[in-house]
Amino acid sequence: MFEKEKTAEEKKGRKKNEITLHAGQEGHLSDLKVGQKCELLSLHNDNPALRRRLLDMGLTKGVIVKVKKIAPLGDPVDIELRGYELCVRRSDLMNIDIKVVE
């Protein structure tokens with residue numbers, strides 16, 4: 001069995017298409033790294049029940065969110081908002097538009 005050659009990025013523990021957002025840039029909540037803060041711009045989800053649940057948990061427009069922890073395999077992500085922590089699946093975070101604060 002042959003092993004696939006690892007690229008320099010894979011050797012450093014990064015994925016090939018990984019995005020790094022800096023202050024002032026816009027993207028998705030799933031693109032943030034541990035310790036980054038952002039302002040939530042919009043939530044777009046096709047599932048009305050899930051959208052309502054996320055809104056009820058405090059993920060509303062204008063809220064400041066900080067990424068606290070990311071699980072070893074990348075899912076779920078622990079975020080802090082409104083004074084409490086919340087674990088959310090990465091697939092759900094991909095549907096949340098943000099603007100990086102720091």
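From a predicted model like this one, the values you see are computed outputs, not experimental measurements.
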* Structure fact -> When every non-hydrogen atom of Asn45 is compared with those of Arg51, the smallest separation belongs to CB-CB, 4.2 Å
* Asked: Rounded to the nearest 0.5 Å, what separation is found between the CD1 atom of Ile64 and the NZ atom of Lys99?
  -> 10.5 Å
* Heavy-atom side-chain proximity of Gln36 to Asp31 below 4.5 angstrom -> no
* Asked: If only atom types and distance count, is the side chain of Asp75 paired as donor or acceptor with the main-chain N or O of Arg90 below 3.5 Å?
  -> yes
* State, with a plain yes or no, whether a side-chain heavy atom of Leu21 is found less than 4.5 Å away from one of Ile98. => yes
* Asked: Heavy-atom count around Asp56 CG within 6.0 Å, excluding the residue itself: above 12?
  -> yes
* Asked: What heavy-atom pair brings Pro48 and Asp46 nearest, and what distance separates the two atoms?
  -> CD-O, 3.1 Å
* Would you call Ser30 and Val77 a side-chain contact if the rule is heavy atoms closer than 4.5 Å? -> no
* Of all heavy-atom pairs between Asp78 and Glu85, which one has the smallest distance, and what is that distance? -> OD2-OE1, 2.7 Å
* **Shared hydrophobic cluster, Leu32 / Met94 (ILVMFWY, side-chain heavy atoms < 4.5 Å)** => no
* Asked: Would Ile79 and Leu55 show up in the same hydrophobic cluster when neighbours are defined by side-chain heavy atoms closer than 4.5 Å?
  -> yes
* Verify the neighbour count for atom CZ of Arg89: are there more than 12 heavy atoms of other residues, nucleotides or ligands below 6.0 Å? => no
* Asked: Among the clusters formed by ILVMFWY side chains lying less than 4.5 Å apart, do Val67 and Leu41 turn up in the same one?
  -> no
* Asked: Side-chain contact, heavy-atom cut-off 4.5 Å: Cys38 with Val65?
  -> yes
* To do: Please tell me if the side chains of Leu59 and Leu86 come closer than 4.5 Å, counting only heavy atoms from C-beta onward.
  => yes
* When clusters are formed by joining ILVMFWY residues with side-chain heavy atoms under 4.5 Å apart, either directly or through shared neighbours, do Leu50 and Leu40 land in the same one? -> yes
* **Close side-chain approach of His28 to Asp97, heavy-atom, < 4.5 Å** => yes
